[in-house]
Amino acid sequence: MSDDVYRRKIGAVALTALQDGHARWVPSTILRPEVEADFAPYQHLIDEDGTTQLSMTVYLLESQGVRVLADSGIADQPMGRHEMEVHSQLPRLLDQEAIDPASVDFVVHTHLHFDHVGWNTRPEGDGWVPMFPNAKHIIQRPDWEHWAVTDLGFPGPVLDRSIRPLEEASMIEIVEGYRALTPEISVMAAYGHTPGHQVLRIASEGEAAYILGDSCHIAMQVCETEWSDRADIDHEQGNRSRAAIMDRVEAEDALVIGGHFRFPGLGRRVPRDGRCMYVPLED
């Protein structure tokens with residue numbers, strides 16, 4: 001493994017975290033202006049310069065002979081107010097780890113923001129072709145209708161690059177709510193951040209984990225479920241969805257996995273000093 005690759009088993013499910021890129025940000029900048037955020041309990045998640053790593057992590061899950069990719073990274077797309085320090089690593093990492101893109105059965109898009117669909121395609125000639133040629137791309141219907149039907153633009157996908165080549169190849173599966181991909185991996189609606197945001201649930205051999213997508217942009221939101229995100233389309237629904245996920249996390253003693261958290265993004269929601277605390281798994 002390298003600094004940009006991390007492997008772990010969740011029950012019988014093999015997880016490989018692949019960091020497509022990363023930037024840095026001040027945590028408060030992700031929150032809505034009216035949020036009164038106290039970062040004092042979370043200094044272990046913030047660096048001395050007041051920033052934390054904004055990762056663009058893709059998760060490959062292997063379950064009962066099926067390969068599921070959670071999101072596809074940012075590729076070389078610009079982040080706007082967050083300058084990328086590193087980007088476009090996913091193809092190199094797949095090659096380094098001997099992961100054939102053609103072996104991926106499903107690509108689950110937690111949502112269609114541009115930084116989660118970057119490697120849906122790769123350049124070829126004057127256009128774009130599917131990066132994972134045998135994969136069905138799982139998208140919730142409200143997100144599909146929000147961007148691919150009505151094309152509401154940024155920060156959604158660059159349609160001609162990331163979505164239309166898949167649509168033309170009949171590689172998109174539109175779902176509504178729950179969808180089992182294997183007996184150990186499923187997707188479930190967690191609307192709010194976007195109209196059709198979804199999370200992945202892993203449950204295997206008595207262990208559980210949730211890949212959160214942007215239900216939590218920063219790790220503090222694992223406990224601070226009322227800390228609304230500036231990028232939430234419906235912040236009240238986003239808060240409700242985040243709280244509901246964390247209720248499940250607590251009931252199942254599940255890992256939480258955040259693709260924008262400091263790489264590799266795995267941690268736990270635990271009691272500490274009479275309050276809830278997010279603890280990265282390596283701590």
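Under the 4.0 Å criterion applied to side-chain N and carboxylate O atoms, D47 and R262 are assigned as salt-bridge partners. Between D234 and R240, no side-chain nitrogen of the basic residue sits less than 4.0 Å from a carboxylate oxygen of the acidic one, so the salt-bridge criterion is not met.
Remark: the backbone N or O of I74 is not paired with any side-chain donor or acceptor of D115 at under 3.5 angstrom. Here the side chain of Q198 pairs a donor or acceptor atom with the backbone of I138 at under 3.5 angstrom. R230 places a side-chain N or O within donor-acceptor distance of the main-chain N or O of T29, the cut-off being under 3.5 Å. The main-chain N or O of R242 is never found under 3.5 Å from a side-chain atom of T225 such that the two would form a donor-acceptor pair. Side-chain N or O atoms of K136 include none that pairs as donor or acceptor with a backbone N or O of V108 at under 3.5 Å.
The number of heavy atoms from other shown groups lying within 6.0 Å of CD (E36) does not exceed 12. Environment of CD in E85: crowded, with over 12 heavy atoms of neighbouring residues, nucleotides or ligands closer than 6.0 Å.
Between Y6 and T57, the closest side-chain pair of non-hydrogen atoms is not below 4.5 Å. Counting only heavy atoms from C-beta outward, the side chains of R161 and F114 never approach each other to under 4.5 Å. The closest side-chain heavy-atom distance from R24 to D49 is below 4.5 Å. When side chains are defined from C-beta on, E207 does not count as touching K9, because their heavy atoms never get closer than 4.5 Å. Taking the side chain as every heavy atom from C-beta outward, R164 and E168 approach each other to under 4.5 Å.
N120 and S162 form no side-chain donor-acceptor contact under 3.5 Å, judged by distance and modelled atom types alone. At a cut-off of 3.5 Å, with distance as the only test, a side-chain donor of D214 or H111 sits close to an acceptor on the other residue. Using modelled atom types, one finds a donor on one side chain and an acceptor on the other under 3.5 Å when comparing H116 with H260. A donor and an acceptor atom, one from each side chain of T110 and D71, are located under 3.5 Å apart.
Taking the six-membered ring where tryptophan is involved, the planes of H109 and H137 are essentially parallel, since the angle between them stays under 30° and well short of 60°.
Taking Ile, Leu, Val, Met, Phe, Trp and Tyr as members and joining any whose side-chain heavy atoms lie under 4.5 Å apart, directly or through other members, the hydrophobic cluster of L112 also contains V117, I139, W144, W147, V149, L152, L159, I163, L166, M171, I172, I174, I233.
What you find for P41 and M277 is that their closest heavy atoms are O-CE, 3.3 Å.
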* To do: Might you work through the side chain to side chain donor-acceptor pair (under 3.5 Å) test for S88 and D76, ending with a clear yes or no?
  => CA-CA 5 Å; S88 305; D76 61 351; 5.1 Å; no
